[in-house]
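Worksheet: the structure to be examined is printed underneath.
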Protein chains: 2
Amino acid sequence: MENCSFSLDTAFHALADSTRRAVISRLMKGPAPVKELAEPFDMGLPAFLKHLRVLEESGLIATEKSGRVRTCRIRPKHLSEAETWLSEQRALWQAGADRLATYVENQMTEDEDE
Amino acid sequence: MENCSFSLDTAFHALADSTRRAVISRLMKGPAPVKELAEPFDMGLPAFLKHLRVLEESGLIATEKSGRVRTCRIRPKHLSEAETWLSEQRALWQAGADRLATYVENQMTEDEDE
DNA sequence: CTTATTGTTTGCCAAGTGGTGAACTGAATG
DNA sequence: CATTCAGTTCACCACTTGGCAAACAATAAG
């Protein structure tokens, strides 16, 4: 829908699915064709291709077809942009935690499950 | 729906929305009541409460009601778990990049937009 | 008690997601 | 040419998401 090549919305959405995260993990070890990527999953090719499309539109992977084989590879730069957002937020929190550490010290460490 | 207190699925899903990311950013500066959180957004309370519920079920925030005011705060531990997954993946890729750097060197730096 | 404030719940709806099976295209292979 | 193999497209389906309006608590303030 969007022509934008990268957005946090689409990147995090792409990561919010265990199938797609598993594909990312696999591609971290090197490029692979669609069929090899799809094999571990109990799912038809059409459904799997939808996941690949989500990943490609998010900018997290790139694909290229040569002959009848489409080869997929990772685009680590876009993955690190998502990581950057998270680490920036954590840095923001740590600044606040440092600033307020005196009287809300317990609240910072209080995140056990209730 | 799920009793599980934390999963990458729900955490990344919660982050895949600009409204919810803005709430996270705001809460990084300190706790806040629902009304104050909702004010910047052009959206009714019911819709905003759904976003808050997604955030709370993902474990990224916690809420507590005292009197008629519900106060929300961040749970940074769960945010950093998502960050950890991303940095682990990047580390995996860097290991592979190092290993194969000799003959696929150009592919690693090839991720400009096509 | 009355009223305003702050959530909360309940229906409802349009659009998106995640899967299926079946039909199809286009490149290798015999 | 005939067949298989890899991928693609299509029509369809159940379910979820993200928004609304309206009615409904429950607490605080006058």
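Reminder, nothing fancy here: chain letters follow the sequence lines and each chain counts from 1.
Atom P of nucleotide dT17(C) and atom CZ of Arg53(A) are separated by 13 Å, given to the nearest angstrom. Per the geometry, CG belonging to Leu49(B) stands 13 Å off C1' belonging to dG19(D), to the nearest Å. Taking atom CG on Asp17(B) and atom C1' on dG16(C), their separation rounds to 13 Å, with Å as the unit. Rounded to an integer number of Å, the gap from Lys65(B) NZ to dA25(D) P is 13 Å. For Leu52(A) and dG18(C), the CG to P distance is 13 Å, given to the nearest whole Å. Taking atom NZ of Lys35(A) as the reference point, atom P of dT4(D) lies 14 Å away to the nearest angstrom. With rounding to whole Å, Leu37(A) atom CG is found 13 Å from dG7(D) atom C1'. With rounding to whole Å, Phe48(B) atom CZ is found 10 Å from dG7(C) atom P.
Under 3.5 Å, the side chain of Lys50(A) and the base of dG19(C) form at least one donor-acceptor pair of N or O atoms. Residue-to-nucleotide contacts include a donor-acceptor pair under 3.5 Å from the side chain of Arg68(A) to the base of dA27(C).
Salt-bridge check for Arg73(B) with Glu64(B): failed, with every basic side-chain N at 4.0 Å or more from each acidic carboxylate O. A salt bridge links Arg90(B) to Glu83(A): one of the charged nitrogens lies within less than 4.0 Å of a carboxylate oxygen.
Side-chain proximity of His13(A) to dA6(D), dT17(C), dT8(C): nearest is dT17(C). Of the candidate nucleotides dT10(C), dT8(D), dT20(C), dT8(D) has the atom nearest to the side chain of Arg70(A). Distance from the side chain of Pro46(B) is smallest for dC20(D) among the nucleotides dG7(C), dC20(D), dG7(D). Residue Leu45(A) places its side chain closer to dT8(D) than to any other of dT9(C), dA6(D), dT8(D).
Summary of the strand contacts: Ser66(A) and Ala16(A) both lie near DNA chain C, and taking for each the nucleotide with the nearest heavy atom, the more 5' one is attributed to Ala16(A).
Between Thr71(B) and Thr63(B), the closest side-chain pair of non-hydrogen atoms is not below 4.5 Å.
Of the possible polar contacts, one joining the Arg21(A) side chain to the Leu15(A) backbone as a donor-acceptor pair under 3.5 Å is found. Judged purely by atom type and a 3.5 angstrom limit, Arg75(B) has no side-chain atom pairing as donor or acceptor with the backbone of Glu56(B).
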